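Only one structure is covered here, and it is reproduced in the block below.
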2 protein chains.
Amino acid sequence: MKGAEMDVIEQVKAQGERVTLPRRLVIEALGQAHDHLTISALQRHIQAEHPDQPMSDTTIYRVLQWLKAIGLVSQTDMGQAGTVYALIDRPQHHHLICLNCGGTITIDDAVFEALRATLSAQYHFMPRIDHMAIYGTCERCADGDNS
Amino acid sequence: MKGAEMDVIEQVKAQGERVTLPRRLVIEALGQAHDHLTISALQRHIQAEHPDQPMSDTTIYRVLQWLKAIGLVSQTDMGQAGTVYALIDRPQHHHLICLNCGGTITIDDAVFEALRATLSAQYHFMPRIDHMAIYGTCERCADGDNS
DNA sequence: ATGTTTGCAAATCCTTTGCATCAGC
DNA sequence: GCTGATGCAAAGGATTTGCAAACAT
């Protein structure tokens, strides 16, 4: 199912931005990933799919920075796990990260609806909560105690 | 009012941790700051207060990493503005960061109470929301349009 | 044709590490 | 006195930048 990246490419064109091969590949990789990707994971993914089309780190950085600027991808600092990127289009989801075991739990975007409403009403601020990483302690670590 | 850092030092001692001069100075600087500090701001602050006591970057990094590990400071990625640190003790506050003008708005911790409750109830996860940075568009930029 | 984007290499910035010395308990 | 913290210098990693060549529109 390659709907996501097609949509993104349409959006990009509609904004009058140029669509080049490297850009296409980055968008494709992000669209196919069922997860948020680090720069190196992205690079590996693209290499695997298109072994003949080399992509420099520089280009990936620049493409991501551009996609972020035009509001199509989110960038999240996942702490020890590095910085990850993802398309902003599918049903959003976010992550809870356990400070003890390092495990991650995926949570639904609905959890943030109330927060969005509050920030908008109280502070007249339009939050763009594309991908949140929240740290804390997971159930297992809270019970079984820690290291 | 130097209550905050005294408390922290007591806590540290109570945990059987060593209290050295560099550690004391970092805690003092964080306690006096009315804001979250970057590494370099912290360094400048300490230099200003104690010109004769040099502190290597390395030590600041190590002290902060240690304070974070024992749960006394928060670390937040503020995007373009870098990574900031703060003591976790005073009434918490958080920041809204405008993606357009870069301005920041300070918000109350109460905003996150509902979120904490939801995460705890629905995912059995104990979040540690010490300092959040939320990106979006501020009122002024939403009205006056952008660059 | 024109203005943008790419790739390479090098620069820069932030953070961590090895190791000898020094300080807290 | 023993154990762990510090400082220096150097390594490491991630991200950015300058400039010529390649590309999309």
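In the text below, chain A, chain B and the rest are named by the order of the sequence lines, each starting its count at 1. Keep in mind that the numbers below use all heavy atoms, side chains included, and drop hydrogens, waters and symmetry copies. Owing to the predicted nature of the structure, the values given are computational and were not obtained by experimental measurement.
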> Is the phosphate of dG7(D), meaning OP1 or OP2, less than 4.0 Å from a side-chain N or O of Thr59(B)?
Replying inline: yes

> Roughly how many Å is it from CD1 in Ile60(A) to P in dA14(D), rounded to a whole number?
Replying inline: 13 Å

> Looking only at side-chain N and O atoms, does Tyr61(B) come under 4.0 Å of OP1 or OP2 in dT15(C)?
Replying inline: yes

> Gln43(B) CD to dT15(C) P: how many Å, rounded?
Replying inline: 11 Å

> From the list dA23(C), dT4(C), dT15(D), which nucleotide is the closest neighbour of the side chain of Arg18(B)?
Replying inline: dA23(C)

>> Just the rounded figure in Å: distance from P of dT4(C) to CD1 of Ile70(A).
In response: 15 Å

> When rounded to the nearest 0.5 angstrom, what is the spacing between CD1 in Ile107(A) and CG in Leu119(B)?
Replying inline: 5.0 Å

> Rounded to the Å, how far apart are Leu42(A) CG and dT15(D) C1'?
Replying inline: 15 Å

> Which value, rounded to the nearest 0.5 Å, describes the distance between Met126(A) atom CE and Leu99(B) atom CG?
Replying inline: 11.5 Å

> Counting only distance, no hydrogens or angles, is the base of dA9(D) paired donor-acceptor with the side chain of Thr58(B) under 3.5 Å?
Replying inline: yes

> Hey, which of these two, Gln80(B) or Met55(B), hits DNA chain D nearer its 5' end, going by closest nucleotide?
Replying inline: Met55(B)

> Side-chain N or O of Thr20(B) less than 4.0 angstrom from OP1 or OP2 on dT6(D)?
Replying inline: yes

> What integer distance in Å separates Arg23(B):CZ from dG4(D):P?
Replying inline: 11 Å

> Of the nucleotides dG7(D), dA5(D), dC8(C), which one has an atom closest to the side chain of Arg62(A)?
Replying inline: dC8(C)

> For Gly79(B), does its backbone N or O pair with a side-chain atom of Tyr135(B) as donor and acceptor, under 3.5 Å?
Replying inline: yes

> Given that Leu21(B) and Ile39(B) both sit by DNA chain C, which one's nearest nucleotide is further toward the 5' end?
Replying inline: Ile39(B)

>> Let's see if you can work this out: which of dT16(C), dT15(D), dT6(D) has an atom nearest to the side-chain heavy atoms of Asp57(A)?
In response: dT15(D)

>> Counting only heavy atoms from other residues, nucleotides and ligands, does the tally under 6.0 Å from CD of Gln80(B) exceed 12?
In response: no

> Starting at the 5' end of DNA chain C, which residue's closest nucleotide do you reach first, Glu17(B) or Ser56(A)?
Replying inline: Ser56(A)

> CG of Leu64(B) versus C1' of dC14(C): gap in Å, rounded?
Replying inline: 13 Å

> Could you state the CZ-P distance from Arg24(A) to dC23(D), rounded to the nearest angstrom?
Replying inline: 15 Å

> Taking 4.0 angstrom as the limit, do Asp130(A) and Lys68(A) come out as a salt bridge?
Replying inline: no

> Below 4.0 angstrom from OP1 or OP2 of dT15(C), is there any side-chain N or O of Gln65(B)?
Replying inline: no

> Between dG7(C) atom P and Gln47(A) atom CD, what is the distance in whole Å?
Replying inline: 11 Å

